[in-house]
Amino acid sequence: MCVELVEGKTAVYGIIGDRVEKSFSPVLQNTIGREMGVNMVYVPFKVESGRVRAAVEGGRAMNIRGFNVTVPHKIEVMDALASVDETAARIGAVNTLKLTENGYEGYNTDIIGLKKCFDERKTSLKGRNVVLAGAGGAANSAAILAGEEKAAKLVIVNRTAEKAEALAERVRKYYDTEVEVIGYDKLMDIAEPEIFIQTTSVGMGSDETPVAEKEFFKNVGIVVDIIYTPWETRLMREAKEMGAAAVNGFDMLFYQGLASFEIWNDMKAEPEKTLELKKKLTEFYRGRA
Ligand code: NAP
């Protein structure tokens with residue numbers, strides 16, 4: 001699925017993480033590179049915690065043009081960079097590094113990927129009531145997106161209240177969006193929950209859901225569950241049963257990868273090409289899942 005022939009001038013990219021064996025990013029990036037006509041190859045690099053700076057410095061020494069960064073290094077890597085873009089700094093995590101003369105610049109394309117899930121469905125968060133389940137790594141991007149898009153209200157629902165409070169403070173620091181923190185037992189009390197973003201790991205590879213009562217989705221217009229295995233989570237299924245639209249996490253995964261590619265190569269994929277790539281990669285992923 002990658003460039004036909006790796007030669008001397010092939011640009012090298014990669015992903016840094018501690019469970020890269022499971023990552024879909026090599027398939028994603030090598031396919032995008034080939035389809036977009038870029039002479040590049042993208043490989044997985046298993047890096048343990050505590051060795052992230054050494055990996056980044058080694059990458060620079062070897063002229064590796066860019067990296068994606070995945071769990072658990074998205075925060076640790078920030079200390080090893082020449083600069084961090086403003087939105088990534090607000091999120092507090094970086095998933096894309098681009099090599100420059102001074103070292104690597106850091107970006108966060110998870111937020112771009114998540115935004116595309118709404119843009120593609122002509123849904124704006126502006127002035128809306130957004131409910132966010134989870135306060136972990138992925139929730140940071142979702143919460144900052146709610147602020148960036150000027151959501152009227154963000155309700156963060158999490159098992160561990162302290163983590164949700166810390167995330168709420170981060171949003172309040174930068175944005176006017178009203179932010180509230182609740183536990184799952186108060187979910188049914190939310191007045192007019194219009195948009196629901198599911199970022200917990202509940203339902204990943206299982207038939208579990210963090211939302212006990214599916215009636216909660218009665219007034220919800222759209223649900224984005226950032227999980228993509230199984231393709232349709234129980235939460236998505238129950239939301240649909242109650243009349244909401246439901247999107248899984250594959251779109252976010254695809255668009256964060258495409259955004260990294262576009263940052264590295266200073267190019268934008270045409271809308272038609274983007275949909276063609278998404279279709280191809282979706283078929284490939286579903287065929288293997
Ligand atoms: P994380 O930092 O470990 O956060 C996990 C979150 O899930 C926390 O809020 C945690 O709550 C919550 N949680 C875990 N078990 C729970 C339970 N039994 N009941 C209620 N809440 C529970 O993980 P992450 O990096 O944010 O990733 C979360 C999920 O998103 C993963 O499945 C990951 O694969 C997926 N993801 C998808 C994309 C994409 O592109 N589609 C991108 C990133 C991540 P506590 O705070 O109480 O522990």
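Computed from heavy atoms alone, side chains included, the values below leave out hydrogens, waters and symmetry copies. First listed ligand is number 1; within each ligand, the first listed atom is number 1.
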Per-pair distances, 0.1 Å, donor-acceptor, side chain in residues 51-59, under 3.5 Å, sequence neighbours excluded:
unit_1: R53; atom_1: NH2; unit_2: D79; atom_2: O; d: 2.7

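- Residues with a heavy atom under 4.0 Å from ligand 1: G134, A135, G136, G137, A138, N158, R159, T160, K163, T199, T200, S201, V202, M204, I226, I227, Y228, G249, M252, L253.
- At most 12 non-hydrogen atoms from other residues, nucleotides or ligands lie less than 6.0 angstrom from CD of E272.
- Evaluation of the ring-ring contact (aromatic ring centres under 6.0 Å, His included) rule for Y13 yields W264 as partners, not counting sequence neighbours.
- Results of the salt bridge (Lys or Arg N to Asp or Glu O under 4.0 Å) test with D251 over K279, K115, R121 single out R121 as the only residue that passes.
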Pair Y228, F24 - check ring-ring contact (aromatic ring centres under 6.0 Å, His included), show working.
CA-CA 11 Å; Y228 41 88; F24 187 61; 8.0 Å; no
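- Counting only residues at least two apart or on different chains, the side chain to side chain donor-acceptor pair (under 3.5 Å) pairs with a member in residues 156-170 are E169-R172.
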